[in-house]
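Input: a single structure, listed below in structure tokens.
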Amino acid sequence: MKNKDGRIGIITFVVSYVLVHSIFKLFNFKYDIFSEPFNILKFIIDFGSWMIIWVLVYSILEKMQKSK
């Protein structure tokens, strides 16, 4: 994160959190790694979704910031 005040990081986290939880709710996907037995497929879906959405949101915000 190249901006000095960290706004992009915070905004990226909040937007990613909302998007991931909305998608999981839409598909009725629930996985809590700390209270459920470890399941590699659910872990990959959970972690992969976070990573993909995080990268997309961060990239969009970076491009919007550079265009200003």
Checklist outcome for this item: Sorted by chain and residue number, the side chain to side chain contact (heavy atoms under 4.5 Å, CB included) partners of Ile44 (sequence neighbours excluded) come out as Ile40
Checklist outcome for this item: For Asp32, the side chain to side chain contact (heavy atoms under 4.5 Å, CB included) test, sequence neighbours excluded, returns Phe34, Ser35, Glu36
Item to check | Residue that, paired with Ser59, satisfies side-chain contact (heavy atoms from CB on, under 4.5 Å) out of Val57, Val55, Leu56 | outcome: Val55
Checklist outcome for this item: Rounded to the nearest 0.5 angstrom, the OG1-CG distance for Thr12 and Leu19 is 11.0 Å
Item to check | Ile60-Ile52 co-clustered via ILVMFWY side chain contacts under 4.5 Å | outcome: no
Checklist outcome for this item: Phe29 meets the side chain to side chain contact (heavy atoms under 4.5 Å, CB included) criterion, sequence neighbours left out, with Phe24, Tyr31, Lys42, Ile45, Asp46
Next on the checklist: Applying a strict under-4.5 Å side-chain criterion to I, L, V, M, F, W and Y, I'd like to know whether Ile8 and Met51 cluster together.
Outcome noted: yes
Item to check | Partner residues of Ile23 under the side chain to side chain contact (heavy atoms under 4.5 Å, CB included) criterion, sequence neighbours left out | outcome: Phe27, Ile53
Checklist entry - Restricting to pairs with a member in residues 14-23, which pass side chain to side chain donor-acceptor pair (under 3.5 Å), not counting sequence neighbours? => result none
